[in-house]
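Comments concern the structure below.
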Amino acid sequence: MIRQRLTALLRSALDQAQRDGIVDPCVTPESDLSPPPRPDMGDFSSNLALVMAREAGMNPRALAEALVERMDGAAHGCTRIEVAGPGFINFHLEPGWLHQAVADCLAHGMGYGHGSEGQGCRVHLEFVSANPVGPIHIGNARGGPYGDVLGNMLAALGYRVHKEYYVNDGPHNTQAILFGKSLQARYRELLGAPFSFPENGYLGDYVTDFARQLVARDGDKHLALPEDDEGAYAFFRLVEQDIVAEARRVMSLFGIEYDNWFHEADLYGAGAVDQEVQRLLATGAAYTRDGAVWLRTGEHGDEEDRVLVRSDGRPTYIASDAAYALLKYRNFDLAIYVLGPDHAGYVPRLRAAIEAGGVDLSKVEVVVHQTVRLLRDGKPVRLSKRRGEIIGLDEVVEEVGRDAARFFFLMRSIDSHLDFDLDLAKRQSDENPVYYVQYAHARICSIIRTAEERGFAFAGEPDLRLLNTPAERALMRVIADYPHELRAATAARAPHRLTTLARDLATAFHQFYASCRVLDHDAMALSHARMALVTATRNLLAAELAIMGLSAPERM
RNA sequence: GCGCCUGUAGCUCAGCGGAUCAGAGCAUCGGACUUCGGAUCCGAGGGUCGGGGGUUCGAAUCCCUCCGGGCGCGCCA
C-alpha cells in the first residue's frame, strides 16, 4: 500500500539523518500522513517534521529540508517531494498509484479494502440488550445499528465477530418482577379478582394486552399464583417468550440478526452464578459483611465495593454479569459492550467485576452511546416503559424505512446526543442523505444497463492511464483512500464515519458524472476506462452500503 | 454535590492523539451544454468553533475555570 511505502521512506530518511548527526536520535513520534488541502499541493502530506521539531531541537522547516534531501523519491514512485508551509513534507506521486487503486477495487469487488489483520481474533459484541419488559423503543435502539455495523467493520478486517443480545430474565431482576406484578394485577383485574397494582408499575396498554392474551389462552388458572415476587416472576415468564420474539422481530425488521440471544436465566439454571460467587469468595475478591456478599470493586477502580449477593440471599445483577463475563472469556479474545447512557454509572463496577474475576481489562471495551431524544411537533417526548409512553422502534422503521432509519442513527457520532424528529424524518425521507448515496449506485447501474442496450462492447483490459481529469482523479482518490479510512474508522470504533465516506464517494461520483461523459462511440478507449472507473465506484458503494446494512438499489 | 457526554453557519451535525480544519447536509437566493437517471451539478450569502484564562512559534482540537443542555449516581438493570 502506498501509505506504507511513504512511511517507510520517511523512516529511512529519518534514520539517515540521525546517522549523519543532523538529528539527535530520539523516539520517532507518531506522524500523520494525510491528503493536503488542495490537490495541487500533492498527493500526501506528512507532518513528521512539525511533530518532532521540538524534540529534535530544530526548526521544523530545516528538519523537513534535511529529511527531503535524504529521500530517493523517484525510487518510491514520487515525481516530487517538497517542503511546504511551516514544515509539511508534500509528496507528489506518479499518477499510476491512483490507477492501481482502481484496478485493485475492480479485482477485489465487494472485498476491496478488506483485510486480515484481525487474525481471527474472536470478538464478543453485545448490544441493545434491553430489559425484556416491553417493546423496544427508539431510545434503546441506538446501539443496534452501531453494534451491527461495528461488527461488520471488524469482520471485514478479519475479526471473528459474534453478535449477542443479552436477555435480562434472571429470577432476581427487579424490573422483571415489577413487570410481572403489573401483569399479574392486570390479569386479576380482568378476571374480577382482587388485585393491587404495584407502585411505579408498568402502566402501558401492552401489559393489559398481555393479560388479555393470558386469559384467552389459559383462563383463570394463573389466579393460583401467589401475589409475591415468585408469583410475579412466574407471570413474567409466562409472556417472556412473546416479548423476546417481538424483540427479535423488531431487530430483524431493523436489519439486525444476532448470532445468539443469551438468557440470564440460563446462568442460574446452570448454577453458574452461585459457582462464580463461591469462586470470588474463595479467591478473596469478595467478602461477607452485614449478611451480604460484597465484591471488592473498590480496589479495581470503582468508587466503592458493591453488593454481589443481597442479605436475603438473592444475587444482584453484578453476580450474573460476572458469571457471564467469565463465560465470555472462555470463548472470546475481546468483549465489546455497547451500553445505553443509563448504564454509564455502571461501567466502573462492570470493569471492576470483570477484573476481580481475573480477566485482563485489555480484553474489555465498553462503549456508552448517548441518548436519543424523540421529537414530535418539535417538542421532546418522554419515553418511559413504566408509564407506557412508548414509540416502538417498529413504528419508526415502518414509517421512515429501514435504510433511512439506520442511516439516521448511524450518521451521528456515538458520543453525541441524537435528536430524532419524527415529523422531520418522515417529511424529509425523500431528501435523506442515504438516498443521495443510493442514487449514485442506481445511476451507475443505469449507465451499465445503457452500455449493454447500446451495444458497447469492450474487449481486453481498459487503459486506466486515460483517466486524468480533475474530476476523475478526485473520484479515484476517494477510492484509493478507502482501505485506510476503513481501518481508521474501525480502530476508532466509529461507524458513523462510514456514512461520511459513502457520501464523499457519492459526491465525487456525481461531480465526475457532471463533467465526464462515460459512453461515447467516438472514444471507445476512454469509454472503456471510464466504465472501469464507474464499475469500481459501484463496487465500493455497494460494499460500503453492505457494511452499513443498507440496500444498494439498481433502480430507484 | 460528584461523575460521564455535550455546546461549531438559521437548523441538524462532522472535524477534536494541534499547523494544510473553519466544513457538510438541509434551509434561503441565483444558475446548468436538450445524447449515459435533474433524487444530480455549479455558484452566493452566512460562524471571533458557549465565555474567560493557560500551555505552544501555532488551539475548534490539550489544561483550568465559569455558563448552558442531556444522562447517570440503589442490597434496580
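The sequence lines fix the lettering, A, B, ..., with proteins before strands; numbering per chain opens at 1.
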Determine the interatomic distance between [atom1] on [N] and the same-named atom on [M]; round to the nearest Å.
N     : M     : atom1 : value
B:C4  : B:C49 : C1'   : 23 Å
B:G46 : B:G37 : C1'   : 33 Å
B:G68 : B:G51 : P     : 15 Å
B:A9  : B:C66 : C1'   : 25 Å
B:C57 : B:C11 : P     : 38 Å
B:C29 : B:C33 : C1'   : 23 Å
B:G54 : B:A14 : C1'   : 28 Å
B:A27 : B:G45 : C1'   : 13 Å

Could you please name the option among [options] that lies closest to any side-chain atom of [X]?
X      : options             : value
A:P86  : B:C41, B:U20, B:G37 : B:U20
A:T316 : B:G37, B:C75, B:U12 : B:C75
A:N90  : B:C41, B:C75, B:U20 : B:U20
A:A514 : B:G37, B:C41, B:C13 : B:C41
A:Q511 : B:G37, B:C41, B:C36 : B:C41

Return the value, rounded to whole Å, for the distance between atom [atom1] of [X] and atom [atom2] of [N].
X      : N     : atom1 : atom2 : answer
A:D419 : B:C5  : CG    : C1'   : 14 Å
A:D302 : B:G72 : CG    : P     : 18 Å
A:R503 : B:G23 : CZ    : P     : 17 Å
A:E303 : B:G72 : CD    : C1'   : 11 Å
A:H496 : B:U12 : NE2   : C1'   : 14 Å
A:I414 : B:C13 : CD1   : P     : 14 Å
A:R373 : B:U6  : CZ    : C1'   : 12 Å
A:Q438 : B:U40 : CD    : C1'   : 16 Å

Mind jotting down which residue pairs meet the salt bridge (Lys or Arg N to Asp or Glu O under 4.0 Å) criterion with at least one end in [range]? Sequence neighbours excluded, please.
range                       : answer
residues 501-516 of chain A : none
residues 336-345 of chain A : none
residues 484-497 of chain A : A:E117-A:R487, A:E365-A:R493

Qualifying residue for ring pair (Phe, Tyr, Trp, His ring centres under 6.0 Å) with A:F127, from A:Y165, A:Y166, A:Y337, A:Y258 = A:Y258
Taking only the side-chain nitrogens and oxygens of [X], find out if one of them lies under 4.0 Å from OP1 or OP2 of [N].
X      : N     : result
A:S416 : B:A14 : yes
A:Y436 : B:C41 : yes
A:T450 : B:G37 : yes

With distance as the sole criterion, do the side chain of A:H417 and the base of B:G69 form a donor-acceptor contact below 3.5 Å?
-> yes
Please evaluate the base of B:C75 for a donor-acceptor partner in the side chain of A:S311 within a cut-off of under 3.5 Å?
-> yes
Identify, with sequence neighbours excluded, every residue that meets side-chain contact (heavy atoms from CB on, under 4.5 Å) alongside A:E82.
-> A:R80, A:N90, A:H92
Could you tell me whether A:H496 and A:Y146 have their ring centroids closer than 6.0 angstrom?
-> no
Select base, sugar-phosphate, or nothing to describe what [X] touches, counting heavy atoms under 4.0 Å on all strands.
X      : answer
A:P341 : sugar-phosphate
A:A84  : base
A:H369 : nothing
A:Q370 : base
A:R314 : nothing
A:D415 : sugar-phosphate
A:A442 : base
A:S515 : nothing
A:E453 : nothing

A:D403 and A:Y435 side chains, donor-acceptor separation under 3.5 Å = no
Just by distance, with hydrogens left out, do A:D266 and A:H263 show a side-chain donor and acceptor under 3.5 Å apart?
-> no
Closer to the 5' end of RNA chain B via nearest nucleotide, is it A:T507 or A:V309?
-> A:T507
Upstream residue (5' side of RNA chain B) when A:C445 and A:E264 are each assigned their closest nucleotide = A:C445
Contacts of type salt bridge (Lys or Arg N to Asp or Glu O under 4.0 Å), residue A:E554, not counting sequence neighbours | none
Name the orientation class of the two ring planes belonging to A:H510 and A:Y439 (parallel below 30°, tilted from 30 to 60°, perpendicular beyond 60°).
-> parallel
Pair pattern of RNA chain B in dot-bracket, where unpaired bases get dots and | marks partners in another strand, Watson-Crick or G-U under 3.5 angstrom = (((((((..((((.........)))).(((((.......))))).....(((((.......))))))))))))....
